[in-house]
Amino acid sequence: SQAEHRRGVLLTMLAASLLATGWIVVWARSRATRRHSEGEVELRAGRRLERLLNASPDILLVLDQAGHVTYRSATADRMVPPGPCTRDDLQQLVDDDDRTALVEHITTSQGGGPSRTFQLVDRHGERGWFEVRVSDLTEEELVNGHLVTLREVTNEVNLRHDLFAQANTDVLTG
């Protein structure tokens, strides 16, 4: 009677406890599986973005406040040697006359200001014209620096030069 009642209550509590434990285990496994899936999705998205950036002809660099390059796209190897580099390495890409202007452009450009065109020399000694755009992303937690984008515009500059010469030169008399 009373002993049987206690036994029944204990068995009911044990069954409820086992049911709750089983539910918690199923819920925890489901959550872990979901987190793993979400992690896989994020990893794939990161890999996809990296491949897209590396396939771009533009050179992308992120400079921190101290002037160290914290990110570089694969195309940056064309301009600067592989490995760690700094703002000083970028200065070496321009002639002495333009060094100050390049550093000023990189350090003072705010919020995607206007781009400027510089003639740069790559690490193999080849000269080309590059549009340099700087975006201030220091407030972005994942970036925390200035995004420097270099886009080669040599063909456009040469075409502009040729068109200017044609417009200002008489074909017959030179």
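- For the pair V103/Q91, a side-chain contact is recorded, criterion being any heavy-atom separation below 4.5 Å from C-beta on.
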>> Show, in sequence, the C-alpha distance, side-chain angles and deciding distance for D95 and R127, and conclude whether the salt bridge (charged side-chain N to carboxylate O under 4.0 Å, His left out) test is met.
In response: CA-CA 10 Å; D95 292 328; R127 289 183 176 276; 3.2 Å; yes

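- To the nearest 0.5 Å, atom CE of residue M79 and atom CG of residue L150 are 6.5 Å apart.
- One distance of note links OG1 of T117 with CZ of R133; it measures 10.0 Å at 0.5 Å rounding.
- Residue V157 shares its hydrophobic cluster (ILVMFWY side chains chained together at separations under 4.5 Å) with W129, V153.
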> salt bridge (charged side-chain N to carboxylate O under 4.0 Å, His left out) between R72 and D77: does it pass, once the steps are laid out?
Replying inline: CA-CA 8 Å; R72 59 191 282 160; D77 291 346; 2.8 Å; yes

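- Side-chain contact between L90 and L61: present, with at least one pair of heavy atoms (C-beta onward) separated by less than 4.5 Å.
- Counting only distance, with no hydrogens or angles, the side chain of N158 and the backbone of N155 share no donor-acceptor pair below 3.5 Å.
- Distance check, rounded to the nearest 0.5 Å: CD of Q92 to SG of C85 gives 12.0 Å.
- Minimum interatomic distance between R87 and Q65 (heavy atoms only, all atoms of both residues): NH2-O, 4.0 Å.
- Across all their heavy atoms, P82 and R123 have their closest contact at CD-NH1, 3.5 Å.
- V62 has its side chain within reach of L147: a pair of non-hydrogen atoms, C-beta onward, lies under 4.5 Å apart.
- Counting heavy atoms of neighbouring residues, nucleotides and ligands inside a 6.0 Å radius, atom CZ of R99 exceeds 12 of them.
- The line from CG of N144 to CG of L63 is 12.0 Å long, rounded to the nearest 0.5 Å.
- In this structure, CD on E152 lies 9.5 Å from CG on L120, to the nearest 0.5 angstrom.
- Both Y71 and L137 belong to a single network of hydrophobic side chains, linked directly or stepwise wherever heavy atoms of I, L, V, M, F, W or Y lie under 4.5 Å apart.
- For T75 (side chain) and P57 (main-chain N/O), no donor-acceptor pair under 3.5 Å exists by modelled atom type.
- Atom CZ of F130 is separated from atom OG1 of T149 by 12.5 Å, given to the nearest 0.5 angstrom.
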